[in-house]
There are 2 protein chains.
Amino acid sequence: MLVNWRIIGSMTTMNHKPDYEKELRDAGVRITRPRRVILDILTATEDHPDAMEIFRRAVSVDSSISLSTVYRTMKLLEERGTIHRHAFNGGPSRFEQASGAHHDHLIDIETGDVIEFRSDRIEKLQEEIARSLGYDIVHHRLELYGRKRQAK
Amino acid sequence: MLVNWRIIGSMTTMNHKPDYEKELRDAGVRITRPRRVILDILTATEDHPDAMEIFRRAVSVDSSISLSTVYRTMKLLEERGTIHRHAFNGGPSRFEQASGAHHDHLIDIETGDVIEFRSDRIEKLQEEIARSLGYDIVHHRLELYGRKRQAK
DNA sequence: CAAAATTTTGCAAATGCTTGTCAACTGGCG
DNA sequence: CGCCAGTTGACAAGCATTTGCAAAATTTTG
Ligand SMILES: [Mn+2]
Ligand SMILES: [Mn+2]
Ligand SMILES: [Zn+2]
Ligand SMILES: [Zn+2]
């Protein structure tokens, strides 16, 4: 029996690959070499890298890219809703494409692994709670921190 | 009709006031003047102040207290499980006593107000999800960000 | 109760991540 | 191909938080 919240593979890369370059250009944003490199990294990525990690990957493609540009680009993309910013644990910001279906995260506190999941029931309950408190949810954050259950 | 997750007042201050001084002393932690002041502020507090705000309140009681000591004390208390640390939005850490019942937070993105709530159904669902993914939850974070619904 | 042993403090300097400044550069239209 | 506002790289600055250290406070001993 398949549980409805189990996710096979990455939710973000399963969907059709969006054409960020076109989207951005249409919005009047210039497609520069650094931005193209960063966008490519983001679309190819299955994990949730932080700025430094994106910078490392970018440098391996074009060694002239600067960390500042990575930060600036992440901010730009976040403001445009292209990517999501997470702050697991309280560590540095980590990013992922926003194109996939909404999902939340389970972080393995032993290994740091991040597992994506989605529960429509929780999403619904959140709405109900907010509503009952007189609010509309704009966004939310649900993170579970746990460790692998020991087979005993 | 009372909704089961509505909370009247602060969850943290509704419960019996724990004797932190004794607890700490028994654990071999020295109970100093700065620590006493900070503990008093924490137990009296209804909100979720950050280190700077706790510092301000502390200084108004004992002007010789330093911000370093506030940070050091917060870290100590967090490690001991006496307080919880939050990072709403990605802003500076904000703290609250851990003594009350577990609850999550709804943040008003317009005013910054923090509303506490608890949903046993969501708590239960989280457990089920983690379990189905092969994990035991150690802790979790659920934050709803919203704005007051307009009466139209 | 005083001295020794140990922890904690205040201050300043250091850290880690992120943003700001600015001269040099370049993407995209004409 | 040339123009020029938008963008970049280099590096300084900002912000929250942590750390080194000598002095001060607390607890332990005698
Ligand atoms: Mn994700
Ligand atoms: Mn709270
Ligand atoms: Zn969600
Ligand atoms: Zn909860």
Side-chain angles (χ1 to χ4, degrees), chain A residues 19-41 48-80 82-95, chain B residues 20-41 48-80 82-95 112:
Chain A
D19 185 349
Y20 289 130
E21 300 200 9
K22 182 175 186 326
E23 274 178 35
L24 290 172
R25 207 190 307 270
D26 290 354
V29 176
R30 282 189 190 171
I31 300 305
T32 62
R33 180 150 167 61
R35 284 180 179 160
R36 208 190 313 271
V37 170
I38 292 170
L39 250 359
D40 284 351
I41 290 168
H48 302 78
D50 62 19
M52 184 53 72
E53 176 58 25
I54 292 170
F55 172 63
R56 282 191 213 98
R57 298 181 193 178
V59 161
S60 81
V61 174
D62 175 347
S63 64
S64 72
I65 289 174
S66 77
L67 182 56
S68 296
T69 297
V70 172
Y71 276 109
R72 273 190 295 241
T73 304
M74 300 326 281
K75 183 187 273 215
L76 171 77
L77 296 178
E78 185 192 13
E79 281 164 357
R80 288 194 34 75
T82 306
I83 60 174
H84 289 313
R85 175 191 300 262
H86 302 292
F88 303 138
N89 278 311
S93 293
R94 297 171 60 170
F95 308 91
Chain B
Y20 290 130
E21 299 201 9
K22 184 177 184 323
E23 273 177 36
L24 290 173
R25 208 189 305 271
D26 289 354
V29 176
R30 286 186 184 176
I31 171 74
T32 62
R33 180 149 167 61
R35 283 180 178 159
R36 209 189 316 267
V37 171
I38 291 169
L39 251 359
D40 285 351
I41 288 168
H48 303 78
D50 61 19
M52 184 53 73
E53 176 59 25
I54 293 170
F55 173 63
R56 281 192 213 96
R57 298 181 193 178
V59 161
S60 80
V61 174
D62 175 347
S63 63
S64 73
I65 289 174
S66 78
L67 182 56
S68 299
T69 297
V70 172
Y71 276 110
R72 274 190 288 240
T73 304
M74 299 327 280
K75 183 187 275 216
L76 171 78
L77 296 179
E78 185 192 12
E79 282 164 356
R80 290 192 36 73
T82 306
I83 61 175
H84 289 313
R85 175 191 300 261
H86 302 292
F88 302 139
N89 278 311
S93 293
R94 298 172 60 171
F95 308 90

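Throughout, a chain's letter reflects where its sequence line sits, starting with A, and its residues are numbered from 1.
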Quiz prompt | Distance, rounded to the nearest Å, where A:Glu78 contributes CD and C:dT19 contributes C1' | solution = 14 Å

Self-check item: Near-strand residues of residues 62-71 of chain B, defined as heavy-atom separation under 4.0 angstrom from DNA chain C
Solution: B:Ser64, B:Ile65, B:Ser66, B:Ser68, B:Thr69

Practice problem: Report the residues that fulfil side chain to side chain contact (heavy atoms under 4.5 Å, CB included) with A:Ser60, sequence neighbours left out, ordered by chain and then residue number. | Solution: none

Practice problem: Not counting sequence neighbours, which residues clear side chain to side chain contact (heavy atoms under 4.5 Å, CB included) with B:Arg57? List them please. | Solution: B:Ile41, B:Thr45, B:Asp47, B:Pro49, B:Glu53

Quiz prompt | side chain to side chain contact (heavy atoms under 4.5 Å, CB included) against A:Phe55, all qualifying residues, sequence neighbours excluded | solution = A:Met52, A:Val59, A:Leu67, A:Val70

Quiz prompt | A:Thr82: partners by side-chain hydrogen bond (donor to acceptor under 3.5 Å, both in side chains), with sequence neighbours left out | solution = none

Self-check item: Bracket notation of DNA chain C in which parentheses pair within the strand, [ ] cross earlier pairs, and | pairs with another strand (Watson-Crick or G-U, under 3.5 Å)
Solution: ||||||||||||||||||||||||||||||

What pairs of nitrogen or oxygen atoms, one from the protein and one from nucleotides 27-30 of chain C, lie under 3.5 Å apart?
from: C:dG27; atom 1: O3'; to: A:Ile31; atom 2: O; distance (Å): 3.4
from: C:dG27; atom 1: N2; to: A:Arg30; atom 2: NH2; distance (Å): 3.1
from: C:dG28; atom 1: OP1; to: A:Arg25; atom 2: NH1; distance (Å): 2.9
from: C:dG28; atom 1: OP1; to: A:Ile31; atom 2: N; distance (Å): 3.1
from: C:dG28; atom 1: OP2; to: A:Arg25; atom 2: NH1; distance (Å): 3.4

Self-check item: Length of the CG-P vector between B:Leu39 and C:dT8, whole Å
Solution: 13 Å

Quiz item: Hey, where on DNA chain D does chain B first and last touch, going 5' to 3'? Cut-off is any atom under 4.0 Å from a heavy atom.
Solution: D:dA16 to D:dT27

Quiz item: Quick one: is B:Arg35 getting a side-chain N or O under 4.0 Å of the C:dT9 phosphate, OP1 or OP2?
Solution: yes

Quiz prompt | Pairing residues for B:His86 by the side-chain hydrogen bond (donor to acceptor under 3.5 Å, both in side chains) criterion, not counting sequence neighbours | solution = B:Glu96

Quiz item: Nearest-Å distance, CD (A:Glu53) to P (C:dT18)?
Solution: 14 Å

All N/O donor-acceptor pairs, side-chain side in residues 25-39 of chain B, below 3.5 Å, sequence neighbours left out:
from: B:Asp26; atom 1: OD2; to: B:Lys22; atom 2: NZ; distance (Å): 2.6
from: B:Thr32; atom 1: OG1; to: B:Arg35; atom 2: N; distance (Å): 3.4
from: B:Arg33; atom 1: NE; to: B:Asp62; atom 2: OD2; distance (Å): 3.2
from: B:Arg35; atom 1: NH1; to: B:Arg30; atom 2: O; distance (Å): 2.7
from: B:Arg36; atom 1: NH1; to: B:Glu21; atom 2: OE1; distance (Å): 2.9

Quiz prompt | Residues in salt bridge (charged side-chain N to carboxylate O under 4.0 Å, His left out) contact with B:Arg85, at least two apart in sequence or another chain | solution = B:Glu78

